[in-house]
There are 2 protein chains.
Amino acid sequence: MTPAARRVLEAAGRLFYERGIHAVGVDLIAAEAGVTKKTLYDRFGSKDQLVVEYLADRDERWRACLDARLDTCGSPSDRVLAVFDVSREWMDATSPRGCSMVNAHAEIDDPSHPAYAIITGQKQWMLTLFTDLVRPLVPTGADFLGRTLMLLHEGALVAFGLRVLPGALEHAREQAEMLLRTAAAAS
Amino acid sequence: MTPAARRVLEAAGRLFYERGIHAVGVDLIAAEAGVTKKTLYDRFGSKDQLVVEYLADRDERWRACLDARLDTCGSPSDRVLAVFDVSREWMDATSPRGCSMVNAHAEIDDPSHPAYAIITGQKQWMLTLFTDLVRPLVPTGADFLGRTLMLLHEGALVAFGLRVLPGALEHAREQAEMLLRTAAAAS
DNA sequence: CGCCAGGTATACAGATCGGTCTACTTTTCT
DNA sequence: AGAAAAGTAGACCGATCTGTATACCTGGCG
């Protein structure tokens with residue numbers, strides 16, 4: 001990726017996330033990136049493709065960030081709770097408006113849109129991740145607990161983005177910890 | 001509200017929800033409502049105002065639908081679980097793409113936008129509702145359990161809308177039932 | 001040296017956007 | 001009956017949208 005293309009992707013990512021995809025025009029993206037529209041279209045081809053690469057980029061960085069942290073965790077339960085910790089830091093640092101995938105989904109209704117697979121794929125991956133993380137702790141009932149954790153986590157992202165519960169991630173983490181304890185005690 | 005205005009609001013609501021607010025133009029809304037643009041502007045003044053009334057209308061109908069059901073419930077725990085039941089029916093009937101408030105929030109970044117208060121207000125109301133509903137069951141710790149239920153519920157709406165967990169509402173209800181049981185047993 | 005990818009600057013195209021306007025007709029209510 | 005309100009039909013405005021075209025410049029590389 002050329003330096004100009006990187007600047008375009010950075011500007012597009014920031015603007016798409018802050019203002020919404022349809023509310024941001026390619027002219028503005030080009031201007032913010034300090035690039036002409038021709039360069040933008042030479043590198044990305046279309047706005048739709050730029051949207052796809054924006055989401056793919058965020059997805060990739062999120063998974064890398066999460067994977068790196070999980071590798072440093074000792075116990076299985078630590079790994080589960082670390083997901084909430086990383087999410088909290090991620091939100092505080094760069095995502096005051098909630099999950100970019102959820103927000104993008106609100107603007108993209110067409111399931112045949114290439115961005116749709118990225119959005120759905122990340123959520124599916126998160127569900128599988130939670131389920132796999134709790135399997136060593138509760139071999140029977142990992143599916144159930146995994147789903148609950150997924151819903152708690154997703155709800156926390158939304159509540160945080162809506163500013164209706166600023167400590168949403170911390171609360172979700174605490175509730176998750178309690179669920180892990182009772183599940184471990186029962187098995 | 002005049003008959004034409006009602007048709008406009010119905011068409012706008014359907015299109016805004018299905019395709020997103022910014023993706024739908026006033027010309028399309030007027031055409032779908034079988035109304036001229038002049039009538040639309042005579043009744044609503046601007047697209048922004050139409051968006052506000054769209055959200056206010058859905059908010060009002062949702063609260064009325066929920067309140068009506070809650071009145072028919074006997075025990076406090078039935079009332080909590082009824083929220084998930086009503087949500088499930090609401091989603092199945094008219095909202096395959098998740099919560100309209102969350103989706104609208106993805107497209108409206110400005111907190112000074114009049115629609116912002118409606119969005120935040122509904123979520124705040126839901127949080128208070130859950131907290132109040134569980135207070136008779138767990139006088140101490142109603143805040144904590146109320147928040148957890150709110151996150152579970154919100155996460156279920158998102159997961160359902162993303163089609164990543166079709167039975168999200170049912171799962172959330174089942175998990176809520178378990179939480180209510182253990183909370184009641186502990187107190 | 002010459003080539004060419006990557007870039008700037010800018011004008012342009014066609015469509016659509018939100019919003020206004022005039023002129024006329026229909027409904028509704030007193 | 002008659003006036004006010006609500007509606008249709010449709011042209012029009014300026015701005016903005018995605019996307020393309022032409023002409024020129026610049027740095028690195030064989």
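Throughout, protein chains are lettered first and strands after them, A, B, ... in sequence-line order, and every chain is numbered starting at 1. Please read all numbers here as calculations on a predicted model, not as lab measurements.
Using modelled atom types, one finds no donor on one side chain facing an acceptor on the other under 3.5 Å when comparing Arg79(A) with Thr72(A). With no hydrogens or angles considered, no side-chain donor-acceptor pair links Arg14(B) and Tyr54(B) at under 3.5 Å. Between Thr36(B) and Thr39(B), the side chains place a donor N or O and an acceptor N or O closer than 3.5 Å (distance only, hydrogens not considered).
Heavy-atom distances under 4.0 Å link DNA chain D to no residue of residues 105-114 of chain A.
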Quick one, give me the B/S/- string for nucleotides 4-11 of chain C, reading 5' to 3', where B means a protein heavy atom under 4.0 Å from the base and S means that only happens at the primed atoms, P, OP1 or OP2. --SSBB--
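Between Phe130(A) and Phe84(A), the ring centre distance stays below 6.0 Å.
Rounding to whole angstrom units, CG of residue Leu40(B) and P of dT8(D) are separated by 11 Å. Taking atom CG of Leu28(B) as the reference point, atom C1' of dT16(C) lies 12 Å away to the nearest angstrom. Atom CD1 in Ile21(B) sits roughly 12 Å away from atom P in dG18(C) (whole-Å rounding). Between the CG atom of Asp27(B) and the C1' atom of dA11(D) there is a distance of 13 Å, rounded to whole Å. Lys47(B) places its NZ atom 8 Å from the C1' atom of dC17(C), with the value rounded to the nearest Å. The distance between atom CG of Asp48(A) and atom P of dC17(D), rounded to the nearest whole Å, is 16 Å. The CD1 atom of Ile29(B) sits 13 Å away from the C1' atom of dG19(C) (whole-angstrom rounding). The interatomic distance linking Leu50(B) (CG) with dG18(C) (P) rounds to 10 Å, in whole Å.
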After noting the C-alpha distance and the side-chain angles of Asp85(A) and Arg88(A), does the key distance pass the salt bridge (charged side-chain N to carboxylate O under 4.0 Å, His left out) rule? CA-CA 5 Å; Asp85(A) 290 332; Arg88(A) 182 193 179 282; over 6 Å; no
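Here the CD atom belonging to Glu107(B) is positioned 7.5 Å from the NE2 atom belonging to His22(A), to the nearest 0.5 angstrom.
Taking the centre and axis of the six-membered ring of Tyr17(B), the NZ or CZ atom of Arg58(B) falls inside the cone set by 45° and 6.0 Å.
Ring planes of Trp90(A) and Trp62(A): perpendicular class, angle over 60° (limits at 30 and 60°).
The ring pair (Phe, Tyr, Trp, His ring centres under 6.0 Å) check on His171(B) picks up Phe144(A), with sequence neighbours excluded.
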